[in-house]
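What follows is a set of notes on a single structure, which appears directly below.
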Amino acid sequence: EAKNAGGNTYRYFVDDMAENYRRTFMMRNQLQAVLDRNGLEVYYQPVIDVSSGEMIGVESLVRWQQDGEFMPPALFIPIAEQSGQIIQVGEQVLHRVLKDIQNTPLLQQLQVSVNVSSQQLKRYDFAHFLGSCLRNYKVNPQRLCLELTESGMFEQQKSTESLLERLRALGCQLAIDDFGTGFSNLSYLNTLPVNIIKIDRAFTRDLDINERQRTLVGNIISICKQLDQWVVVEGIETKEQVEMFTALGCDRMQGYYFARPMPLADLLNYGENMVHSS
Ligand code: C2E
Ligand code: MG
Ligand code: MG
Ligand code: MG
């Protein structure tokens, strides 16, 4: 009977694999169809400086509508990374964002972040591509911030360093995204040419309950300040979280408490209302 149970487990495993494979395959094809018609959208989420109450930046976030629903990036980005489609995704997002900056005075006054997958950095000459885009759209590179995740970036630290130096040489800002989720090594803060640290939402949530975590984050914030790096906390959903991070010395925040990611047209309204209310 033990053998039977094992057999069943195996069958379920195989069924599972087949199902996963089928879904991945379908998603790749659907994504390719969207890419072929240049159909990805970009939403923008405000970053707020709570000491002045002003919107100082936005993060661009890719949006894929499929049959009237949004496909979560957390689901399709990893698949696009595996298939190599992330190159095309990243290029379409960057074109859209640079075009939006070019056409939108509001965005020209803000720091605009773009998420860049480590696969984009590994698979081809991203710095070259970015440089020519910036020239084509005549966008001030200082306005653009590239958000890079720790995972996949720091495996080969030497080559990463020189790659990041090239991106910095273009004039862009560099951020470490999702800080605190990977094997966060504090020495990166000192050795890599990054100017912004984004503390992950998972951290933000835990702080409510975990005193030691709070101390740790407070220390990270003060280290970053000493290194002249900005800290942004992500995933702020409550007033309590705003107060807690303010107390820890961090002013720059992003989260549903302030605003959700939204289409450019809505961001323009949001920006106007902010000016009127201050
Ligand atoms: P991320 O770069 O850390 O982006 C922040 C994510 O947190 C976004 O999810 C945003 O909608 C969400 N968020 C912001 N504030 C809150 C909040 O208060 N509460 C909660 N629950 N969530 C909040 P989104 O748009 O689903 O994106 C998920 C991830 O997918 C991003 O995490 C990023 O890693 C990736 N991604 C999104 N757009 C792109 C893109 O254009 N290129 C690449 N390579 N990756 C992207
Ligand atoms: Mg990000
Ligand atoms: Mg993040
Ligand atoms: Mg995140």
Side-chain angles (χ1 to χ4, degrees), residues 31 34-35 38-48 50 55 57-66 69-98 100 111-124 126 129-130 133 144-153 173-182 184 194 196-208 230-242 244-245 252-264 266-267:
L31 178 61
V34 176
L35 287 169
N38 205 358
L40 291 177
E41 297 168 73
V42 171
Y43 276 28
Y44 295 96
Q45 185 179 32
V47 176
I48 309 295
V50 291
M55 169 164 61
V58 287
E59 176 173 6
S60 65
L61 295 157
V62 68
R63 290 293 178 265
W64 168 15
Q65 282 196 62
Q66 184 73 33
E69 280 181 49
F70 286 102
M71 200 74 94
L75 210 63
F76 73 83
I77 293 287
I79 287 172
E81 286 178 329
Q82 219 177 27
S83 66
Q85 289 166 308
I86 191 67
I87 303 294
Q88 237 185 318
V89 170
E91 292 191 355
Q92 287 193 11
V93 168
L94 191 67
H95 279 296
R96 166 58 37 207
V97 169
L98 292 176
D100 284 347
Q111 171 111 268
V112 182
S113 285
V114 176
N115 290 287
V116 178
S117 158
S118 59
Q119 292 301 314
Q120 288 173 269
L121 303 182
K122 278 181 190 165
R123 287 183 191 235
Y124 79 142
F126 178 74
F129 167 71
L130 178 65
C133 283
L144 196 70
C145 172
L146 308 174
E147 296 194 3
L148 313 165
T149 50
E150 290 176 272
S151 60
M153 197 169 61
Q173 316 285 312
L174 297 182
I176 299 184
D177 202 354
D178 302 341
F179 191 81
T181 54
S184 299
V194 292
I196 297 161
I197 308 298
K198 298 193 75 172
I199 295 181
D200 191 64
R201 182 159 59 86
F203 247 72
T204 311
R205 274 187 326 227
D206 281 0
L207 288 206
D208 293 332
W230 286 105
V231 181
V232 178
V233 267
E234 304 186 303
I236 295 287
E237 293 182 348
T238 67
K239 191 160 168 281
E240 288 69 36
Q241 289 171 333
V242 174
M244 185 174 58
F245 277 101
R252 301 191 166 196
M253 303 188 193
Q254 181 183 344
Y256 294 172
Y257 177 76
F258 302 102
R260 289 184 176 251
M262 58 188 115
L264 180 62
D266 294 352
L267 184 78

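This one's a predicted model, so the numbers in the text were calculated from it and none came from an experiment. Note that ligands are numbered from 1 as they come in the structure, with each ligand's atoms numbered from 1 the same way.
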- Item | Among the N, O or S atoms of Asp178, the one nearest the Mg ion (ligand 3) |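 Among the N, O or S atoms of Asp178, the one closest to the Mg ion (ligand 3) is OD1.
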- N, O or S of Asn115 under 2.8 Å from the Mg ion (ligand 2):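 Looking at Asn115, which is the residue asked about, there is an N, O or S atom under 2.8 Å from the Mg ion (ligand 2).
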- Item | Option of least heavy-atom distance to atom 7 (O) of ligand 1 (set: Arg201, Glu147, Lys198, Gln241) |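 Among Arg201, Glu147, Lys198, Gln241, the closest heavy atom to atom 7 (O) of ligand 1 comes from Arg201.
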- Query: To which of Met71, Gln254, Gln45 does the heavy atom nearest atom 15 (N) of ligand 1 belong?
  - Reply: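 Closest candidate by heavy-atom distance is Gln45.
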- Looking only at heavy atoms, which two atoms of Arg63 and Pro73 are closest? And how far apart?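 Answer, listing the atom of Arg63 first, then Pro73: NH1-CG, 3.7 Å.
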- Least distance between heavy atoms, Leu31 atom then Ala80 atom: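 Here Leu31 and Ala80 meet closest at CD2-CB, 3.8 Å.
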Of all N, O or S atoms in [X], identify the one at the shortest distance from the Mg ion (ligand 2).
{"X": "Glu59", "value": "OE2"}
{"X": "Asp177", "value": "OD2"}
{"X": "Glu147", "value": "OE1"}

- Exam field: side chain Gln45 to backbone Gln254, donor-acceptor pair closer than 3.5 Å: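 No, the answer is negative, given that no donor and acceptor are paired below the 3.5 Å cut-off.
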- Query: What orientation do His95 and Phe129 show, parallel under 30°, tilted 30 to 60°, or perpendicular over 60°?
  - Reply: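 It falls in the perpendicular class, over 60°.
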- Item | Partner set under side chain to side chain donor-acceptor pair (under 3.5 Å) for Glu147, not counting sequence neighbours |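 Testing Glu147 for side chain to side chain donor-acceptor pair (under 3.5 Å), a comparison that skips the adjacent residues, returns Ser113, Lys198.
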Using a heavy-atom cut-off of under 4.0 Å, does the side chain or the backbone of [X] touch ligand 1, or both, or neither?
{"X": "Val62", "value": "both"}
{"X": "Leu61", "value": "both"}
{"X": "Glu59", "value": "side chain"}
{"X": "Val42", "value": "neither"}
{"X": "Val114", "value": "neither"}

- Query: Residues in side chain to side chain contact (heavy atoms under 4.5 Å, CB included) with Gln66, at least two apart?
  - Reply: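 Partners of Gln66 under the side chain to side chain contact (heavy atoms under 4.5 Å, CB included) test: Gln30, Val34, Trp64, Met71.
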Got an N/O contact under 3.5 Å between [X] and ligand 1?
{"X": "Pro73", "result": "no"}
{"X": "Arg63", "result": "yes"}
{"X": "Glu234", "result": "yes"}
{"X": "Glu237", "result": "yes"}

- Message: Taking a cutoff of less than 4.0 Å between a non-hydrogen atom of the residue and any ligand atom, is Pro261 in contact with ligand 1?
- Response: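 For ligand 1, residue contact (heavy atoms, under 4.0 Å) with Pro261 is present.
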